[in-house]
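Everything numeric in this text was worked out from a predicted model, so none of it was measured. These numbers come from the heavy atoms of this one structure, side chains and all, not from hydrogens, waters or symmetry mates. Protein chains get the first letters and strands the later ones, always in sequence-line order, with residue 1 at the start of each.
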Amino acid sequence: MKFAGALAAALLAGSIFTSAYAQETIKIGVTQPLTGAFAASGNYVAQGTKIAEDEINQAGGVLGKKIQLIIEDNKSNPTEAVSTVEKLIEKDKVPVLIGAWSSTLTLAVMPKLEEYKVPMIVETSSSGKITTSGNPYVFRISPTSAMEAKAFQPLVKAMGIKKADFLYTNNDFGIGSGAEYSKMLKENGVQVGVMETMDPNATDFSAQLAKIKASGGDTLFVTTAVEQLTLILKQAKEQQLKVRVVSCGGSNSPDQIVAQAGAAAEGSFHTAFFPPWFPEVTKNPEVSKRYMDEWKKRGYNVGGLTEGFRGYDAVYVAVAAIKAAGKAEPEAIRQALWGVHVKGVYGDIAFTKQGPAGKESGQNVPSVYLVTIKDGKVQKTSF
Amino acid sequence: MSRYVFWIIVALLATIPLWVTDYYLLHVAIVTGIFIIAAMSLNLLLGYTGQLSLGHVAFFGIGAYTSALVSLGFSVHIAPEIMVSLAPQPVWVGILCAAVLTGLVGYAIGKLAFRVRGAYFVIVSLSFAEVVRLIALNWVELTQGPMALNSIPALTLGFGGYELSFLRKPQFFYLMLFIAALSYILIARLVNSRAGRAMIALRENESLAMSVGIDVTRSLVLATIVSAAIAGVAGALYTHYIRIVDPNIFLFIYTVTMVIMVVTGGKGTLAGPIVGGVIFGFVPEVLRGMQIRPEAQWIVYGILMIAIVYFLPEGIVPAVRRVLVSRRGKQYAAGFKEPQAENK
Amino acid sequence: MGELLQHLLNAIILGGTYALLGIGLTLIFGIMRVVNFTHGELYAFGAYCMYALVMPLGFNFFASLLIAMALGALLGAFIEIVLLGRLRAADIDTTMLVMIGAWIIMQNTEQLVWSGVALSVRTPFPSEPLVLGPMSVSWGRLYVFVVALLLIAGTYLLVNRTKLGKAMRATFQDRDTAALMGIRIGRIHTATFAIGSALAAAAGALLGPVFVVAPTMGDLAAAKAFAVVILGGLGSVPGATVGGFILALAEELGAGYISSGYRDAMGFVLIILILLFRPTGLFARKERIG
């Protein structure tokens with residue numbers, strides 16, 4: 001009996017202590033798809049945020065307090081995304097958000113950001129609309145499809161592309177990427193053949209690939225996530241489609257492709273916003289290595305390195321803004337974000353103004369890399 | 001429930017925004033309320049005519065898109081040379097259009113789909129919702145497809161010089177409550193009318209109903225029109241609250257939500273969808289707050305579904321009613337009526 | 001011309017797998033009248049079994065298929081006994097909701113255990129395809145096609161030539177008379193569900209290595225299975241077989257010549273058209289509506 005009493009007292013004291021302690025944290029809201037169609041990627045990003053959280057707290061936190069990530073699952077669904085943002089802002093009173101992974105999810109929550117006047121750091125979405133809609137609460141560290149296409153431009157001649165076909169998913173991500181790349185290619189004198197779409201959940205592309213084969217281009221640009229990319233490569237090989245495949249969008253996890261597509265992946269090209277196979281070429285190699293080492297130490301799936309860093313960088317950006325603002329308040333943080341300079345895995349992160357005057361959003365200009373798979377390994381391209 | 005009870009409950013609900021200051025809870029209440037309106041409309045079809053439609057979310061979504069497009073304005077080619085345009089209209093016009101258009105679609109579906117029954121009807125309704133989703137996804141010129149229609153305006157009403165805007169949560173709560181009460185009254189009236197009794201006869205024994213001269217198809221079509229129109233209005237409300245709509249609104253999981261609300265609450269009772277709606281509207285939020293992995297939250301949700309359906313197959317409201325009735329024992333035994341009394 | 005032939009070949013190969021998906025469901029949905037939302041999950045379960053057996057445990061690829069089927073049958077029997085046992089006389093929507101609940105539980109359990117990352121199963125087939133003139137087909141898909149045909153034939157024989165099959169058909173034609181004749185109704189229900197589930201698991205075990213294994217893989221498969229069942233007529237194994245090929249043809253040609261975005265809509269459009277104009281499906285026997 002006495003022991004139970006002492007235990008209860010200890011627990012009570014402990015809970016009072018921790019709850020009082022807990023009030024000393026600065027909260028950062030994270031909304032990611034942890035279940036549903038995009039669960040794999042969302043979980044990687046969340047893992048990246050957790051690594052950053054621990055690193056920052058070990059180094060003493062910010063403004064004398066520790067940071068606390070509140071990670072909500074938006075279930076890969078725009079309505080849920082709105083709910084998570086409502087909860088994070090209304091209930092948890094977070095002064096800054098990170099999210100929401102896909103362009104559709106991010107666009108869905110943008111009106112809420114304006115309504116509640118809380119800034120959000122966009123870590124993955126690629127649709128141009130996000131930073132051109134006149135929403136001053138959006139700060140994106142990931143590149144737009146337009147930027148990615150522009151970075152690819154010098155390689156068009158080097159690779160000798162004469163006629164290109166497209167295969168992309170039927171959503172913001174794929175359609176935006178297809179539109180930007182085809183525009184860039186046309187501006188550089190390349191003929192565009194067929195532009196095929198696919199449902200993000202489809203697993204059989206035999207019809208689309210047969211059409212692409214009949215089109216006769218020399219290069220196929222594919223924009224989708226890694227699962228479909230693996231299947232496309234395998235099925236292209238089955239149909240004897242002998243074109244050069246270039247995958248765009250940065251959600252293509254080349255390691256996973258090598259592991260799962262095997263010989264079918266040989267000779268393919270992939271854009272990446274972070275090349276974990278040779279981190280020394282990134283703008284901030286020490287940051288990249290630090291992130292990678294911690295990721296591997298925690299035993300996370302190596303295939304997720306190419307996505308987790310987005311969450312990692314986003315947390316560092318949020319913390320830099322909080323520090324510069326001097327207080328954990330949404331408006332102060334929003335203004336401070338304009339002035340941050342963070343050495344991240346994405347490169348040197350800073351925000352430039354984009355969108356209608358007076359209501360600009362912030363856009364970072366990260367580096368874009370192109371890798372190829374040769375002899376079963378991811379390698380630098382010779383271009 | 002008697003009329004007094006109904007108005008007392010409405011009055012009580014109307015006070016909610018006054019003492020619930022947590023806007024997040026209010027948000028959950030509003031979304032739940034909108035789904036309850038849709039569930040009530042599904043109940044009309046499922047509970048009173050006995051036909052299980054798994055495509056109900058199609059009406060909800062069509063209403064949402066209609067209202068969004070009317071209030072945003074659109075221009076689309078219906079043939080290579082012919083373009084149809086509409087300038088942005090006030091939101092209340094959008095909601096009205098949503099009701100009318102979904103009602104029409106309901107009419108068409110009613111006429112066509114009710115050639116089949118039972119398991120076949122389930123599948124046809126499911127397929128209909130899927131096809132509508134795929135149209136919304138692919139007819140990009142009209143619906144923006146997966147890029148979604150955003151910046152949808154909120155409802156504003158002008159009287160003379162005074163303007164009432166339903167942007168903030170408390171106002172929207174009242175709007176939702178108003179529409180919900182209206183729908184309830186409409187459905188209650190319909191169910192207690194001659195047409196309603198025809199529907200119930202149809203549910204209980206279709207061939208017998210036909211043999212006494214009830215026009216089965218007409219009853220079904222009427223039920224479908226009203227059911228669809230109410231669902232359409234619910235969808236329009238939803239879209240002017242969330243202010244963004246994309247093809248995901250047609251996802252099967254929303255139909256599941258509505259069906260669960262109706263069946264667990266008690267199909268064929270007016271209060272059923274409300275009870276079921278409150279439970280299954282708030283359960284996901286409660287689970288979200290429980291700090292367990294998202295997958296585990298879903299698993300608990302699934303278990304809860306199965307448990308309620310298993311142990312209370314008629315639903316919660318009929319089960320509660322049975323308990324109350326047995327308590328009043330002899331007093332009621334003489335006057336206790338058959339299912340006719342159920343439709344309160 | 002080469003493109004058309006490739007489309008046709010793709011359709012034939014795909015048709016075999018759709019047929020396999022369909023016959024499992026036509027037994028459950030068609031004969032038992034259970035709107036079986038767990039069919040897709042049994043499909044995914046079969047695929048995950050393959051993955052678990054072949055990859056970490058290193059079992060033989062071909063033996064793993066049989067094991068996956070057996071496990072699928074057991075899981076199906078379990079579901080039937082535990083969940084459906086008390087609901088045999090219940091409304092269609094009650095059973096349906098229970099099945100939906102089971103579907104939610106199964107899919108999220110899979111994600112909990114395996115995480116959402118797509119998994120690949122190693123196959124013993126060469127990666128170079130078999131080339132026939134302007135067409136080519138992978139060995140893996142050819143294997144799937146052959147096994148699917150064998151399973152379809154086996155099921156047809158089971159339903160039409162064995163005592164169990166006779167008992168099944170009797171039970172669902174007239175339950176009370178069958179019971180009077182001494183047939184154990186409960187056992188028949190369980191056996192039917194188990195067989196249907198084993199076929200779904202087989203489809204998953206066959207297709208998992210061809211595509212990828214992910215928790216949501218069952219959803220689309222289930223949708224197509226329903227389309228196939230409706231096309232062929234509820235309860236008809238030959239109907240489901242032909243239905244599978246028709247669906248595959250409609251998808252391939254529709255995606256190839258009309259629009260690839262609407263590919264998966266083909267199945268649903270077909271369902272609606274068939275149900276509106278020939279509600280009993282292409283092959284079913286006389287069927288009382290309702």
Side-chain angles (χ1 to χ4, degrees), chain A residues 33-44 76 167 169-170 175 194-215 225-231 233-241 253 256-257 259-266 300-301 303-304, chain C residues 1-11 13-14 17 107-108 111-112 115-123 126-131 134-141 207 210-217 219-221 223 248 251-265:
Chain A
L34 303 176
T35 56
F38 312 129
S41 303
N43 276 293
Y44 288 148
S76 309
L167 177 59
T169 47
N170 204 358
I175 296 178
V194 298
M195 296 185 66
E196 287 298 308
T197 60
M198 54 198 168
D199 188 282
N201 295 318
T203 49
D204 198 305
F205 314 101
S206 40
Q208 291 95 325
L209 290 172
K211 271 160 91 169
I212 291 168
K213 190 169 169 187
S215 159
V226 60
E227 289 86 5
Q228 285 191 313
L229 190 53
T230 312
L231 292 169
L233 287 169
K234 273 166 64 167
Q235 288 171 23
K237 183 157 181 168
E238 284 167 20
Q239 289 207 27
Q240 299 260 289
L241 185 60
S253 193
Q256 200 170 325
I257 292 184
Q260 295 185 346
E266 194 66 22
Y300 291 153
N301 188 333
Chain C
M1 188 58 194
E3 193 188 334
L4 176 62
L5 284 176
Q6 183 69 60
H7 281 307
L8 288 175
L9 182 61
N10 290 341
I13 302 284
L14 201 58
T17 52
Q107 197 173 103
N108 280 283
Q111 184 163 336
L112 206 56
S115 94
V117 180
L119 304 166
S120 258
V121 180
R122 223 190 338 266
T123 68
S127 60
E128 284 299 322
L130 175 66
V131 181
M135 313 178 288
S136 53
V137 63
S138 76
W139 288 102
R141 294 217 198 190
L207 287 179
V210 171
F211 298 125
V212 285
V213 181
T216 51
M217 66 190 291
D219 297 347
L220 199 57
E251 276 189 7
E252 268 295 318
L253 294 178
Y257 295 108
I258 304 178
S259 156
S260 23
Y262 281 103
R263 183 199 177 107
D264 292 322

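Judged as a salt bridge (charged side-chain N to carboxylate O under 4.0 Å, His left out), and not counting sequence neighbours, A:K213 has no contacts.
Contacts between C:L14 and chain A at a heavy-atom distance below 4.5 Å involve the side chain alone, from C-beta outward. Looking at A:F38, there are no atoms closer than 4.5 Å to chain C (heavy atoms on both sides), in backbone or side chain. Contacts between C:R122 and chain A at a heavy-atom distance below 4.5 Å are absent for every atom of the residue. C:V121 does not touch chain A: none of its heavy atoms, backbone or side chain, sits under 4.5 Å away. Of the atoms belonging to C:V212, heavy atoms from both backbone and side chain fall under 4.5 Å from chain A. Of the two parts of A:A263, only the side chain, counted from C-beta on, holds a non-hydrogen atom closer than 4.5 Å to a non-hydrogen atom of chain C.
A side chain to side chain contact (heavy atoms under 4.5 Å, CB included) with C:S138 is found for one member of A:E238, A:Q239, A:K237 and no other, namely A:E238.
Of the inter-residue distances, the one linking C:N10 atom CG with A:L209 atom CG reads 9.0 Å to the nearest 0.5 angstrom. Rounding to the nearest 0.5 Å gives a distance of 10.0 Å between CG of A:L241 and CD of C:Q6. Of the inter-residue distances, the one linking A:I257 atom CD1 with C:S120 atom OG reads 11.0 Å to the nearest 0.5 angstrom.
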One pair to check against side chain to side chain donor-acceptor pair (under 3.5 Å): A:S206 and C:E252. What are the steps and the verdict? CA-CA 8 Å; A:S206 40; C:E252 268 295 318; 2.6 Å; yes
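Taking each heavy atom of A:Q235 and C:F211 in turn, the nearest pair found is NE2-CE2, 3.3 Å.
Contact of the C:M217 side chain with the A:T203 side chain is not registered, since no non-hydrogen atoms from C-beta on lie closer than 4.5 Å.
When each of A:D204, A:L34, A:T35, A:N301 is scored by its heavy-atom pairs under 4.5 Å with chain C, the top score falls to A:D204.
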